[in-house]
Amino acid sequence: MEAIVKTDFHFPKQKSVYKGKVRDVYNINDEYLVMLVSDRISAFDVVLPKGIPYKGQVLNQIASKFLDATADIVPNWKIATPDPTVTVGHMCQPFKVEMVIRGYLTGSSWRAYQAGERMLCGNPLAEGMKENQKFPSPIITPTTKADEGHDENISKEEIIAQGLVSREDYELLEKYTFALFQRGSEMAAEKGLILVDTKYEFGKKDGKIYLIDEIHTPDSSRYFYAQGYEERFQKGEKQKQLSKEFVREWLMENGFQGQSGQQIPEMTPAIINGITERYIELYENITGQKFVKDESTDVLKRIENNVNACLKTLL
């Protein structure tokens, strides 16, 4: 299948379209969003030059499952998934922060720790911690949402002081974040996985807070295999994981971390196929279901027809 890297739809009452790093988001009458998850892939805030077939389908279907599974915790934006790569939902005014929650010291938090940082977004970190060590309890390390470039770490008090989010709203976001992470961790454990860290985005509509965007996908989350975690940790070995981190590691091994002047390494067919297979592996592990590849021809035409049919019921 050809990777879907570009769309150009014109839906009824469409007002605008926003092309993000991975998602194409169509504004329908300032009421609804049509979010298509493309096969583009980004790392270090850079969109890589080639798409990953089926990646969009994997992300959209995982997110849809977890939005349904957490709707009792917090209202979410989803109304329908009319196509494997598309979700249609409520248009909300996003908060300008992302709620990152971490259960383990890994990834960027470990790199910061290695560099000597002992305070992470207002959370004190103990001396003597090791890579991939579990925190006594999960910590929230918010980031600002950058329109362009890199997101920046920020603390709760800085968010409130800068007026990015009111104290009342922020404390509700915290409550939702801990509860969502708990549910995601329980669902991962049932499948033999550890939800290591993830991020949630929230917005408001008619004065009410909604969970928006994707949740618990390999793009927004990091998963370890539970089996062998402790043994690998004690030996100081790398954890077996299902997340986008393997893409970042491949880039770093080939001299790319998103810095100016660095070249993105060649994405050969073997590399692309390998990334596709890892995304499918995560889907099957986290959902417990066999992934059915969307082998349709003229996928874009089908998406257009399915979304139009969905919007007809809403408008």
Side-chain angles (χ1 to χ4, degrees), residues 22 37 41 43 52 54-74 76 78 84 98-110 129-141 176-201 211 213-250 274-293:
V22 173
V37 189
I41 185 167
I52 306 300
Y54 306 108
K55 173 179 172 284
Q57 184 187 348
V58 164
L59 296 184
N60 194 59
Q61 291 186 336
I62 292 175
S64 179
K65 175 186 173 71
F66 280 108
L67 287 170
D68 291 346
T70 56
D72 60 316
I73 295 173
V74 53
N76 66 61
K78 176 188 163 183
E98 293 182 352
M99 300 296 282
V100 180
I101 182 166
R102 304 174 184 276
Y104 294 74
L105 181 64
T106 193
S108 62
S109 63
W110 168 245
M129 290 188 74
K130 298 177 185 174
E131 185 175 13
N132 301 325
Q133 185 170 338
K134 187 175 183 179
F135 291 120
S137 56
I139 62 171
I140 293 176
T141 59
Y176 286 149
T177 297
F178 283 123
L180 289 165
F181 190 68
Q182 176 70 24
R183 178 71 55 82
S185 298
E186 290 164 1
M187 293 180 73
E190 288 168 6
K191 301 292 189 290
L193 297 173
I194 295 168
L195 179 58
V196 178
D197 52 37
T198 191
K199 72 179 177 72
Y200 303 113
E201 296 188 44
L211 176 64
D213 204 41
E214 63 174 1
I215 67 165
H216 299 164
T217 71
D219 270 22
S220 66
S221 315
R222 193 187 319 261
Y223 290 92
F224 290 160
Y225 283 95
Q227 186 175 8
Y229 159 78
E230 190 60 38
E231 188 181 340
R232 285 187 285 271
F233 174 69
Q234 294 299 339
K235 290 180 177 176
E237 295 174 354
K238 280 189 172 182
Q239 290 296 330
K240 189 180 179 194
Q241 62 175 296
L242 284 165
S243 70
K244 203 169 65 172
E245 187 67 15
F246 73 93
V247 177
R248 294 188 197 97
E249 287 175 354
W250 170 71
I275 297 173
T276 288
E277 291 309 312
R278 288 289 288 271
Y279 271 91
I280 290 172
E281 181 187 358
L282 175 67
Y283 175 90
E284 294 185 339
N285 276 275
I286 194 59
T287 66
Q289 297 166 346
K290 181 80 177 158
F291 182 74
V292 180
K293 289 181 176 178

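Positions are given from 1 along the sequence. Note that the coordinates shown come from a computational prediction; the quantities given were computed from them, not determined experimentally. All values below were derived from every heavy atom in this structure, side-chain atoms included, with hydrogens, water molecules and symmetry-related copies excluded.
Between Pro218 and Ile62 the shortest side-chain heavy-atom distance falls below 4.5 Å. Side-chain atoms of Val37 and Val22, non-hydrogen and from C-beta on, do get closer than 4.5 Å to each other. In this structure, the side chains of Gln241 and Glu249 come closer than 4.5 Å at one or more pairs of heavy atoms. The shortest side-chain heavy-atom distance between Ile275 and Phe246 falls under the 4.5 Å cut-off. Side-chain contact between Leu195 and Ser221: present, with at least one pair of heavy atoms (C-beta onward) separated by less than 4.5 Å. Residues Arg222 and Thr198 fail the side-chain proximity criterion, which asks for heavy atoms closer than 4.5 Å.
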Next on the checklist: What verdict does the side chain to side chain donor-acceptor pair (under 3.5 Å) test give for Asp197 and Tyr223, after you've listed the backbone C-alpha separation in whole Å, the side-chain angles of each residue and the deciding distance to 0.1 Å?
Outcome noted: CA-CA 7 Å; Asp197 52 37; Tyr223 290 92; over 6 Å; no
Checklist entry - Passes side-chain contact (heavy atoms from CB on, under 4.5 Å), Phe178 versus Ile140? Steps please. => result CA-CA 8 Å; Phe178 283 123; Ile140 293 176; 3.6 Å; yes
Item to check | Verdict with reasoning, Arg232 to Glu230, per salt bridge (Lys or Arg N to Asp or Glu O under 4.0 Å) | outcome: CA-CA 5 Å; Arg232 285 187 285 271; Glu230 190 60 38; over 6 Å; no
Next on the checklist: Between Glu214 and Thr217, does the side chain to side chain donor-acceptor pair (under 3.5 Å) criterion hold? Intermediate values first, please.
Outcome noted: CA-CA 7 Å; Glu214 63 174 1; Thr217 71; 2.9 Å; yes
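Minimum interatomic distance between Lys134 and Tyr229 (heavy atoms only, all atoms of both residues): N-OH, 3.8 Å.
Scanning for side-chain contact (heavy atoms from CB on, under 4.5 Å) contacts around Lys293 gives Tyr54, Glu277, Ile280, Phe291, Glu295, with sequence neighbours left out.
Counting non-hydrogen atoms of neighbouring residues, nucleotides and ligands closer than 6.0 angstrom, the NZ atom of Lys191 exceeds 12 such neighbours.
Aromatic ring centroids of Tyr200 and His216 lie under 6.0 Å apart. In this structure, the ring of Phe233 has its center no less than 6.0 angstrom from the ring center of Phe224.
Geometrically, Arg102 does not engage Phe135 in a cation-pi contact defined by less than 6.0 Å to the ring centre and at most 45° from the axis.
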